[in-house]
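What you see is a predicted model, and the numbers here were worked out from it, not measured in a lab. Remember, it's 1-based here, ligands and their atoms both numbered in the order they're listed.
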Amino acid sequence: MSNAIRDPALWDEWHPVALSEEVTDKPKGVRVLGEGVVVFRTADGVKAMRDLCIHRGVPLSLGRVENDRLVCAYHGWQYDGSGACVCIPALPKGQAIPTKARTPAFACAESLGFVWVCLGTPKDPEPLYAKHVDPELIPLRMGPYPVQASAPRVVENFLDVSHLMFVHEGLLGDSRYPEIDDYSVREEDGVLRSDEIVVYQPDPDGRGRGVNSRYVYEAFSPTGVRLVKRADGSDELFHLFLFVLPESETTCTAFMLQLRNYGEDIPDEVFVGFQNTLLEQDKVIVQAQKPELLPLDLQAELHLKCDRVAIAYRRKLKELGVSFGTD
Ligand code: FES
Ligand code: CO
């Protein structure tokens with residue numbers, strides 16, 4: 001078996017696997033917590049199952065969807081959305097299909113324009129992020145962004161305020177103004193939330209205007225976080241969700257959902273291009289960090305007061321028993 005990430009809390013979590021439009025009646029193979037998963041679309045919605053035919057171990061993602069059934073490319077066995085094999089073409093007429101002829105199906109949902117998979121028992125029938133979305137704001141999805149780093153390293157980088165002035169100098173920060181005033185982080189209904197943190201930003205969204213921005217960071221789950229940003233002297237709102245799919249211990253794919261109340265006339269490519277630039281800057285750092293797995297022992301790395309969000313995030317992972325490791 002492949003090296004799977006076994007943390008039970010992650011198995012029971014919803015993971016983003018694709019943009020909605022990427023899941024069609026052409027099966028798509030993805031990796032979730034080290035497990036090969038095939039997703040496809042039927043008249044009844046999106047479906048997910050183990051990407052492995054139980055007959056001779058061929059990935060079902062090599063097959064095709066016919067009459068809402070997933071048909072294996074090798075000998076044409078047909079699986080329904082529950083993972084049961086309902087047709088074996090080579091069986092003589094009248095011979096029953098063995099009851100063992102099934103592959104595990106996984107919970108699959110569509111929400112916010114993404115397809116989500118849960119390998120275990122989902123706590124909620126669909127991801128809860130949608131209830132935190134302000135319907136007044138303009139949504140823009142971004143990704144998939146493959147990253148050669150452990151998922152929590154990517155999440156923590158997103159929650160890190162004091163890198164803005166260095167990694168994103170000239171855009172999200174200015175190294176002449178690196179100090180971070182003290183702030184605190186609270187937990188309410190399982191959501192970690194920081195106070196407002198003020199950062200001077202020379203060009204926070206690619207429009208070339210410097211502002212003092214007020215950041216609030218929130219962590220909803222080990223892999224689902226958001227920043228909420230307001231610029232001083234402006235009514236503009238900017239929310240950015242980051243959803244990370246842990247594919248293996250040291251690889252992941254990030255998706256983002258941006259929401260804003262301005263720039264209706266600015267083409268999506270401008271915002272996406274800007275976010276791509278930021279992500280490339282972050283990738284240089286997170287793909288080089290050692291150890292590759294995020295240390296949950298708070299003695300393992302040095303922390304400052306400005307790292308309170310990261311400290312709270314690491315504590316929360318520890319409390320949930322989530323290491324993202326395969327041991
Ligand atoms: Fe899939 Fe034989 S390997 S049908
Ligand atoms: Co960054």
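In this structure, the ring of H55 has its center no less than 6.0 angstrom from the ring center of Y74. Centroid-to-centroid, the aromatic rings of W116 and Y129 come within less than 6.0 Å.
Using a 4.0 Å cut-off between charged side-chain N and carboxylate O, E156 and R314 make a salt bridge. In this structure, K47 does not pair ionically with D80, as no charged nitrogen and carboxylate oxygen lie closer than 4.0 Å. Between E218 and K229, none of the side-chain N atoms (NZ, or NE/NH1/NH2) sits under 4.0 Å from a carboxylate O, so this pair counts as no salt bridge.
Of the angles at the Co ion (ligand 2), the one spanning NE2 of H163 and NE2 of H168 is 100° when given to 10°.
Within H55, the N, O or S atom at minimum distance from atom 2 (Fe) of ligand 1 carries the name ND1.
Listed by number with element, the atoms of ligand 1 under 4.0 angstrom from any heavy atom of R56 are 3 (S). The atoms of ligand 1 that sit less than 4.0 Å from any heavy atom of W77 are 4 (S).
Taking 2.8 Å as the criterion, C72 does not count as a coordinating residue of atom 2 (Fe) of ligand 1, since none of its N, O or S atoms falls below it. Taking 2.8 Å as the criterion, D160 does not count as a coordinating residue of the Co ion (ligand 2), since none of its N, O or S atoms falls below it. Among the backbone and side-chain atoms of H75, an N, O or S atom lies under 2.8 Å from atom 2 (Fe) of ligand 1.
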Legend entry - side chain to side chain contact (heavy atoms under 4.5 Å, CB included) between E196 and Y217, worked out: CA-CA 8 Å; E196 282 189 339; Y217 291 102; over 6 Å; no
